[in-house]
2 protein chains.
Amino acid sequence: MLVKEIQEQKHEDPRITRTRGMLTAALSELMREKSFNAITVREIAERATLNRVTFYAHFQDKFALLEYAARQMIRQQIEAQLPNGAYSDENLRRLVLLVCNFVSDIDQYCPPPHGQLEPLMEKKIKTELYDVMLHWLPTSKKTSASREQAAMMSAWALYGAAKQWSQDKAQKPAEDFVRQVVPLIKANLQPFVETNGGQTAKRAHGGGSSSGRFVSLLRLQHVYR
Amino acid sequence: MLVKEIQEQKHEDPRITRTRGMLTAALSELMREKSFNAITVREIAERATLNRVTFYAHFQDKFALLEYAARQMIRQQIEAQLPNGAYSDENLRRLVLLVCNFVSDIDQYCPPPHGQLEPLMEKKIKTELYDVMLHWLPTSKKTSASREQAAMMSAWALYGAAKQWSQDKAQKPAEDFVRQVVPLIKANLQPFVETNGGQTAKRAHGGGSSSGRFVSLLRLQHVYR
DNA sequence: CGACATTTGTAGTTTAAGCAACGCTCAAAG
DNA sequence: CTTTGAGCGTTGCTTAAACTACAAATGTCG
């Protein structure tokens, strides 16, 4: 039976969580080795030590998995890097850096051709960014109509900037780029958000560059611990 | 039903392989964090994202798991480090080094008290060493009676040496120690084995020290790939 | 000592994952 | 052109793993 449709909300059974985690991990491994187009369902299942049929019990096809995987990866990164959901200058800085690394990793490590890959990833990333930023903006102030718009604009702007930076050959250090972009994004959020100067947070443990991005997903199953 | 007893030989179902792999991985993770005594079955199962009941479907208790895990770890190391099963001076050298690192890791990283841990590990290691060395010795030459004896003596000697080296405070570099021990072991095997001077093998990819020993088990499930 | 919490094993039932096998499409090789 | 093979998507049946729940053992503290 179609497991997915029945539950959809509650991931009750740990087997489901685990299986999806392994599929995501397998896909991200493979995406470093070959073009997404060239990856088959059989390969994914094999790499995940799962039966091919099990794959279809969870996802319609490899694109559905990619969507799911992308969302998980982004969320996992966001959750790991941003100490709390609230806005702070520091969190904005981290978010920009995170997106930069993410986009850059895709460009660097995923062998072309990126047929449907790029637009799909782009959409997912922007969706998540929108979500985060919407949470940053309080409902109370101003006309609540433009709240969504501000979040949307900021999300697109951020992604666009990161994309451009990633493709730029003369890539300046990410840190520099971030310092340059943050104020521009902040301008979009300005009217809504209290400009608390950053809460002198301690270093995020994840640290510098894009280190364990995909690989980190292998541990994703442990969330329910 | 008792899965284990029915199969015992053929690990047909990948779920079995995977589950045991995850349990081993979980145990080796935990053994770095706390004393083996202090580890509970519940913890192991949780860390492995498995139900506690599933644990008991595979192992009687945590000691049974430890035995299984130890064997797997050692075999995995041996298989990874020794290019082929046959004897060569180079393989002997690697085997000694391997045992040194293994024993040393246990002493270093596994928090005491080592109640039943040490003798159990010792037994398992020696058993595997005996197996390897027995394969090295041809059946044909001399009286085949003493073949087993030679293997046994060599295994014990090797383990003893490694253990002593590991506990020695003024630990000399492993490489030096290996060079010192190899001839002594070789003397035991001498009568049986052709002294081929080492086949100028390329570096083992595993490389230097005890790097990914326990952690490497996380990938153990992929064997059947 | 007794009360309380945790761990340990062991049922019975439900559910997800494995497997073999099928028909389908499509593209490369004969 | 036909044949072969690879991948896709689906089906029915089997089996391993999840869940609930319980009884016994083992701590652990006042």
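Keep in mind the model is a prediction, meaning the values are calculated, not measured. Proteins come first, then strands; the chains are lettered A, B, ... in the order of their sequence lines, and each starts at number 1.
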- Could you tell me the separation between the CZ atom of A:F63 and the C1' atom of D:dG7, rounded to a whole number of Å? 14 Å
- Query: Can you list every pair that meets salt bridge (charged side-chain N to carboxylate O under 4.0 Å, His left out) and has a residue in residues 150-161 of chain B, with sequence neighbours left out?
  - Reply: none
- Query: Nearest-Å distance, NE2 (B:H58) to P (C:dT10)?
  - Reply: 15 Å
- Just report the end-to-end axis angle for the helix from C:dG9-D:dC22 to C:dG30-D:dC1, five pairs per end, to 10 degrees. 30°
- Note on the structure: A:R15 CZ to D:dT15 P, in whole Å, measures 16 Å
- Task: Ignoring backbone atoms, establish whether B:T19 has a side-chain N or O less than 4.0 Å from OP1 or OP2 of D:dA17.
- Result: yes
- Item | Within-4.5 Å side-chain heavy-atom neighbours: A:F55 and A:L50 | no
- Task: Check every atom of D:dA16, D:dG7, C:dG18 against the side chain of B:I16 and return the nucleotide holding the closest atom.
- Result: D:dA16
- According to the salt bridge (charged side-chain N to carboxylate O under 4.0 Å, His left out) rule, which pairs have a member within residues 65-76 of chain A, sequence neighbours left out? A:E67-A:K124, A:R75-A:E128
- Can you run down the ring pair (Phe, Tyr, Trp, His ring centres under 6.0 Å) pairs that involve residues 16-35 of chain A, sequence neighbours left out, and say none if there aren't any? none
- Task: Starting at atom CD1 of B:I44, determine the distance to atom P of C:dT8, rounded to an integer number of angstrom.
- Result: 8 Å
- Query: What nucleotide, of C:dG18, D:dA17, D:dC19, holds the atom closest to the side chain of A:R18?
  - Reply: D:dA17
In residues 34-42 of chain A, what donor-acceptor pairs under 3.5 Å come from side-chain atoms, sequence neighbours left out?
residue : atom : partner : partner atom : Å
A:K34   : NZ   : A:E43   : OE1          : 3.4
A:K34   : NZ   : A:E43   : OE2          : 2.6
A:S35   : OG   : A:N37   : N            : 3.1
A:S35   : OG   : A:P113  : O            : 3.4
A:T40   : OG1  : A:R42   : N            : 3.4
A:T40   : OG1  : A:E43   : N            : 3.1
A:R42   : NH1  : A:E46   : OE2          : 2.8

- Task: Could you tell me which residues satisfy ring-ring contact (aromatic ring centres under 6.0 Å, His included) with B:F177, sequence neighbours excluded, listed by chain and number?
- Result: B:W165
- Query: Roughly how many Å is it from CG in B:D13 to P in C:dA20, rounded to a whole number?
  - Reply: 10 Å
- Whole Å only: how far is the CG atom of B:N51 from the P atom of C:dG9? 15 Å
For nucleotides 9-13 of chain D, which of its nitrogen or oxygen atoms have a protein nitrogen or oxygen under 3.5 Å away, and what is each distance?
residue : atom : partner : partner atom : Å
D:dG9   : OP2  : A:Y56   : OH           : 3.2
D:dG9   : N7   : A:R52   : NH1          : 2.9
D:dG9   : O6   : A:R52   : NH2          : 3.1

- Message: As a test of reading the structure: which of C:dT15, C:dT7, D:dG7 is closest to the side chain of A:T40, going by heavy atoms?
- Response: D:dG7
- Item | Contacts of type side chain to side chain donor-acceptor pair (under 3.5 Å), residue A:K163, not counting sequence neighbours | A:D107, A:E118
- Note on the structure: Separation of C:dG9 atom P from B:F59 atom CZ, nearest Å, is 14 Å
- Query: Considering residues at least two apart in sequence or located in another chain, which fulfil the ring-ring contact (aromatic ring centres under 6.0 Å, His included) criterion with A:Y159?
  - Reply: none
- Select base, sugar-phosphate, or nothing to describe what A:R42 touches, counting heavy atoms under 4.0 Å on all strands. sugar-phosphate
- Message: Rounded at 0.5 Å granularity, tell me how far CE in A:M31 sits from CG in A:L117.
- Response: 5.0 Å
- Query: Can you tell me how far C1' of C:dT8 sits from CZ of B:F55, to the nearest Å?
  - Reply: 11 Å
